[in-house]
Structure formats: C-alpha cells, structure tokens
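In what follows, a single structure is set out as structure tokens and then discussed.
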Amino acid sequence: MRLACGVALLVLALSAAATKMDIPADAGFDVRLKKLESELRCLVCQNQTLADSNASLAEDLRREVRELASSGKDDDEIRAYLVARYGDFVLYDPPLKRTTWLLWGGPFALLAGGAALWWIILRRRERFGKLAPPIADSGAEARGRALLDESGAP
Amino acid sequence: MKTVRWSIPLAIFVVLVGFLWVGLGRDPREVPSPLIGKPAPSFALPQIHSDKPLSTAELTGKVYLLNVWASWCVSCRVEHPLLLQLAQAKIVPVYGLDYKDNPDDGRAWLAQNGDPYTSSIVDLDGRVGIDYGVYGVPETFVIDRSGIVRYKQIGPLSVESLQQKILPLVRELQK
C-alpha cells in the first residue's frame with residue numbers, strides 16, 4: 001500500500017513537473033523547434049515527420065528535443081543525439097557516406113545511363129538513316145503511285 | 001550483335017528483379033540499430049519488485065538479454081511463452097525493461113502471465129527506452145560481458161530468431 005502511494009505520488013510529481021516544465025515563451029524558439037522536428041522522421045509512423053506524428057514515441061521525442069534545445073544544444077547536437085540512438089533513418093536528409101552512396105548516387109547513375117542509351121540510339125538512327133538506300137526499284141514506286149491515285153480519286 | 005542488344009535489357013531486368021526480390025523479404029519497420037557494437041546505454045532505474053535501483057554497472061561481467069516489454073503491449077504476449085521457456089532453461093539471464101507502463105499494471109501482468117525476468121526495471125517516462133533507440137515494443141538486446149550491445153531483435157522473439165541468431169550468439173559470447 002505504501003509502495004502504491006509512493007508510486008502514485010511519483011506519477012503525480014512527474015506529471016506536475018512535465019506541465020510546469022519551463023518553456024521559453026519565445027516564438028523564434030518554437031519556430032526553430034518546428035523546423036527541426038519537420039526534418040526528423042518518426043520511427044513509428046515512418047512516413048511522418050516528428051512534428052506531424054501523434055505517436056506517443058513522437059511526443060516523447062518532441063519533449064526530448066525541446067529539453068535539449070532549452071538546455072542550449074544546437075540543431076546539429078540534437079540531430080547527433082537522435083542519430084546515436086535511432087540511426088541515420090531519423091534524418092530526412094541523410095549524410096553521404098559509404099552505406100548511403102547508392103541512395104544519393106543511384107538516381108544520377110540511372111539518369112546518366114538513360115542519357116547514354118538515348119545518345120547511342122540517336123547516333124545509330126542517324127547513321128542508319130544516312131545509309132538507307134533510296135528506293136532503287138522505280139517500277140515499285142510507279143505501282144505505289146498508281147495505287148494511291150486509284151484510292152484517292154474515286 | 002543481336003544477342004548483345006537483347007542481353008543488355010535482360011541483364012538490367014534481372015538485376016531489377018533481384019533488388020525487388022530481396023526487398024520483398026525485408027521488413028521496412030526493421031531499422032538497423034546504431035547501437036550494435038557500442039556500449040549499452042547506462043541506466044539506474046527502480047526494479048518492478050523492489051524499490052532498489054538496478055544499474056548497468058551491476059550487470060557488466062555477464063552475458064544477458066534485455067527484453068523491452070509492457071503490459072499494454074499486445075505482441076509481448078506472443079513472445080512471452082518463449083521467454084518463460086528460456087528462463088526455465090537457465091541459458092542466459094533475461095532482464096526486463098517495463099517501458100512506459102504503470103508498475104502496478106506491470107506487476108499484475110507478470111502475475112497473470114508468469115515472470116521470466118531475473119529482474120525488471122521500470123522506465124516510467126520512456127527515457128531509457130529512447131537511449132536504447134526503442135521504437136516498437138517488444139525489442140530484445142543481446143549484451144555481452146563487457147556491456148557491449150551485440151544484437152537487437154525488433155518485434156517479438158520467435159523460435160527461429162532464438163535458434164538461429166540469439167542462442168548461438170549467446171553461446172559464442174559465453175565461451
């Protein structure tokens with residue numbers, strides 16, 4: 001019973017502490033947090049940002065970000081704090097390194113491959129176009145014209 | 001020349017199918033943990049069955065599993081029989097982290113479902129959970145003698161994950 005009371009008191013104290021947490025009444029601070037949170041991914045609902053998500057983990061992480069920021073940490077330090085725990089996946093703008101070069105370079109490689117293919121095809125078409133012999137069989141041409149005239153003029 | 005013309009798109013297609021095939025078998029929810037190979041984040045939290053705090057310092061020197069659970073967690077019930085079996089087999093001590101849970105609910109849950117844990121610590125506000133990069137309960141960490149995280153299982157344990165990954169790793173670390 002005493003334990004239960006103790007726990008209840010602790011919970012009350014914690015919730016009181018949470019509501020009384022000194023939040024700087026500074027609009028610039030909120031804007032900065034909002035911007036930072038919208039560059040971070042929520043791990044529970046993976047296609048939502050930390051700013052948009054209602055998941056309870058996102059709430060906790062927003063609280064953590066706010067506290068880190070109020071304690072004077074800059075954006076890079078806060079990002080590093082989250083990356084150390086959740087990995088590069090929390091960043092919507094992951095750094096370029098060995099494990100992410102395919103992610104960053106892949107689209108450009110595909111674009112370059114497509115451009116090369118396009119160029120090859122164009123060149124080949126041009127070459128074959130030049131080499132294509134004119135219609136040598138004048139008889140065939142005459143027959144073709146006759147057919148066109150026949151169908152064109154009733 | 002003809003074969004070359006056909007083999008290039010075919011090769012691209014095969015590579016693409018290969019990527020997609022591998023992608024099908026992977027779970028996008030499993031985000032690799034940056035903690036692997038790093039020291040387990042330290043904590044000193046009250047235990048669920050006693051007010052005496054348990055700290056990471058007391059756990060160094062042995063190989064143990066840290067299982068993140070909660071009474072509100074549905075899939076914890078799926079892995080719970082396996083944890084009970086593991087505790088009975090006494091292969092490796094399993095410590096619990098009762099994540100963002102009312103300790104009373106946690107105790108009632110353990111009384112109802114059985115308590116496989118050498119001890120469970122209570123993480124009321126989820127801070128230690130954040131330090132461990134917890135984002136979906138249950139999660140299980142394998143931690144070695146010197147307190148280094150060696151493996152992280154995201155989601156419920158299964159017979160396969162225990163037999164193929166966790167238990168061989170534990171035996172290796174206990175050598």
Side-chain angles (χ1 to χ4, degrees), chain A residues 1-15 17-18 21 40-47 50 53 55-65 67-68 78 80-91 94-95 97 99-100 102 106 109-110 113-114 116-117 120-121 124, chain B residues 1 4-5 8-9 11-12 15-16 19 27-41 45-52 68 70 72-73 98-108 122-137 139 141 149 152 154-155:
Chain A
M1 192 55 210
R2 267 180 55 189
L3 183 70
C5 281
V7 167
L9 273 175
L10 183 66
V11 171
L12 273 176
L14 279 175
S15 52
M21 202 174 63
L40 296 167
R41 189 195 299 270
C42 169
L43 281 122
V44 181
C45 4
Q46 296 184 341
N47 289 323
L50 214 51
S53 176
S56 94
L57 178 69
E59 269 170 43
D60 290 353
L61 288 176
R62 279 200 297 268
R63 180 195 64 196
E64 208 73 13
V65 165
E67 282 178 21
L68 286 171
I78 295 171
Y81 171 92
L82 287 169
V83 167
R85 284 154 181 78
Y86 293 99
D88 289 331
F89 192 74
V90 291
L91 304 173
K97 56 184 189 187
T99 48
T100 57
L102 192 62
L110 282 178
L117 205 65
I120 289 170
I121 288 170
R124 186 174 291 170
Chain B
M1 192 61 206
V4 173
R5 227 163 91 190
I8 291 172
I12 294 172
V15 169
L16 192 67
F19 271 103
D27 184 354
R29 298 198 58 81
E30 281 187 20
V31 180
S33 173
L35 284 172
I36 309 294
K38 301 224 174 79
L45 286 176
Q47 301 177 56
I48 198 162
H49 293 306
S50 83
D51 287 338
K52 199 170 93 56
V68 185
W72 46 261
C73 154
D98 190 9
Y99 177 67
K100 299 196 72 175
D101 198 5
N102 181 334
D104 283 335
D105 293 345
R107 273 187 287 273
V122 182
D123 185 19
L124 262 184
D125 58 1
R127 277 253 154 90
V128 170
I130 290 178
D131 282 345
Y132 275 82
V134 171
Y135 64 89
V137 193
E139 291 183 6
F141 296 84
V149 178
K152 178 187 183 185
I154 295 156

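Keep in mind it's a predicted model, so treat the numbers as computed, not measured. Sequence lines set the chain letters: A, B, ... in the order given, protein chains first and strands last, and positions in each chain run from 1.
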Within-4.5 Å side-chain heavy-atom neighbours: A:R85 and B:L35: no
A:A84 to B:P34 - nearest heavy-atom pair and separation: O-CG, 3.4 Å
Partner set under salt bridge (Lys or Arg N to Asp or Glu O under 4.0 Å) for B:D105, not counting sequence neighbours: none
A:L57, part contacting chain B, at a heavy-atom distance under 4.5 Å: side chain
Nearest-0.5 Å distance that lies between atom CD in A:Q46 and atom OH in B:Y135: 6.5 Å
Engaged part of B:K100 at the chain A interface, taking heavy atoms whose separation is under 4.5 Å: side chain
A:Y86: ring pair (Phe, Tyr, Trp, His ring centres under 6.0 Å) partners, not counting sequence neighbours: none
Selection from B:V134, B:I130, B:V31, B:I8 maximising heavy-atom pairs under 4.5 Å formed with chain A: B:I130
Separation between CD1 of B:I154 and CG of A:L43, rounded to the nearest 0.5 Å: 9.5 Å
Distance in Å, A:E64 CD paired with B:D125 CG, rounded so as to fall on 0.5 Å steps: 8.0 Å
Side chain / backbone / both / neither for A:V90 at chain B, heavy atoms under 4.5 Å: neither
